[in-house]
Amino acid sequence: MMPLAFSFCGFVVFTNLSLQNNTVGTYQVAKVMTTPCIILIQIFFYKKAFPLRVKLTLIPITLGVFMNFYYDIKFNILGTIYATLGVVVTSFYQELVSQKQHELQMNAMQLLYYQAPLSALILVVLIPILEPVTMTIAIPWSLATLALVAASCITAFFVNLSIYWIIGNTSPLTYNMMGHIKFCLTVLGGVLMFEEPFHVNQGVGIILTVLGVTAYAHVKDNFD
């Protein structure tokens, strides 16, 4: 369980640092790179073969993500580093989830039952290093704030359970394809509802990314 627990902690820490240092849209676009990263992991570590047409679909995905990062108004090197680390660790985490469920013959709830306490203990050690604990405790906590934190915890539980359930019953790549719908809605919601700054070239990058993902899904479906 330890590799799974540590990879989950890396997934949580680096994706949150990415969100802290990038816009929500760029944060979501960066997560799309999990798909090509998983393919590379499967090629180099699991010796899985993919046809050339599947590999070619990674070009528009990668180019689209690069364009979105480059033209993001809040572009910064630190945010890019965190996003890259988040993608790599998340990819390994999702592969481990799939591998462990089949290796140990566990369902989603059973695997989460063993992994979650270990991850919580690791994160307790990391929190004082990465978070302003004293400042957080000193802030007056209203009932509304506590309710939001509780809602966030409940949502996180069901998100993690859904990760295990979908990956266990399908594959890490299928889970990522479903996540791209959330990516499109998040970017659109940020622009329309919260008036987030949006460069026209970012739009081109997002269109390229979506086209690449769509092409991948079509090719992969026919290949399977």
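Here the side chains of I38 and Q94 are in contact, with some heavy-atom distance below 4.5 Å. At least one side-chain heavy atom of M1 sits less than 4.5 Å from a side-chain heavy atom of L104. Between S91 and I41, the closest side-chain pair of non-hydrogen atoms falls below 4.5 Å. Side-chain contact check for L96 versus F8: every heavy-atom pair is 4.5 Å or farther apart. In this structure, the side chains of V13 and L123 come closer than 4.5 Å at one or more pairs of heavy atoms.
I154 and W165 fall within the same hydrophobic cluster, defined by Ile, Leu, Val, Met, Phe, Trp and Tyr side-chain heavy atoms under 4.5 Å apart, directly or through other members. With hydrophobic clusters built from ILVMFWY side chains whose heavy atoms lie under 4.5 angstrom apart, L121 does not share a cluster with Y113. In the hydrophobic clustering of this structure, L146 does not group with F157; members are Ile, Leu, Val, Met, Phe, Trp, Tyr whose side-chain heavy atoms approach within less than 4.5 Å, directly or through other members. The cluster map of Ile, Leu, Val, Met, Phe, Trp and Tyr, joined by side-chain heavy atoms under 4.5 Å apart, puts V97 and M2 in the same cluster. No chain of hydrophobic side-chain contacts below 4.5 Å, direct or via other Ile, Leu, Val, Met, Phe, Trp or Tyr residues, connects L143 to V149.
Between the side chains of T145 and S142, at least one donor-acceptor pair of N or O atoms lies under 3.5 Å.
Aromatic rings of F92 and F45 (six-membered ring for Trp) have centroids within the 6.0 Å cut-off, being under it.
Closest approach of L17 and N21 over heavy atoms only: O-ND2, 2.8 Å. The shortest heavy-atom contact between Q110 and M106 is OE1-CA, 3.4 Å. The two residues G10 and V89 make their nearest non-hydrogen contact at C-CG1, 3.5 Å. When all heavy atoms of V124 and P128 are compared, the closest pair comes out as O-CD, 3.1 Å.
Remark: the backbone N or O of V87 is not paired with any side-chain donor or acceptor of T90 at under 3.5 angstrom. Proximity of a side-chain donor or acceptor of N22 to a complementary backbone N or O of G79 within less than 3.5 Å is detected. At least one donor-acceptor pair under 3.5 Å links the side chain of S7 to the backbone N or O of L4. With hydrogens and angles ignored, the 3.5 Å screen pairs a side-chain donor or acceptor of T15 with a backbone N or O of F11.
Once rounded to the nearest 0.5 Å, the distance linking OH of Y93 with SG of C9 reads 9.5 Å. Rounded to the nearest 0.5 angstrom, I81 CD1 and S18 OG are separated by 11.5 Å. Atom NE2 of H102 is separated from atom CD of Q105 by 8.0 Å, given to the nearest 0.5 angstrom.
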side-chain contact (heavy atoms from CB on, under 4.5 Å) assessment of F6 paired with L118 = CA-CA 8 Å; F6 272 106; L118 289 173; over 6 Å; no
**Prompt:** Yes or no on side-chain contact (heavy atoms from CB on, under 4.5 Å) for L111 and K100, after CA distance, side-chain angles and deciding distance?
**Reply:** CA-CA 8 Å; L111 193 59; K100 291 298 180 183; 4.2 Å; yes
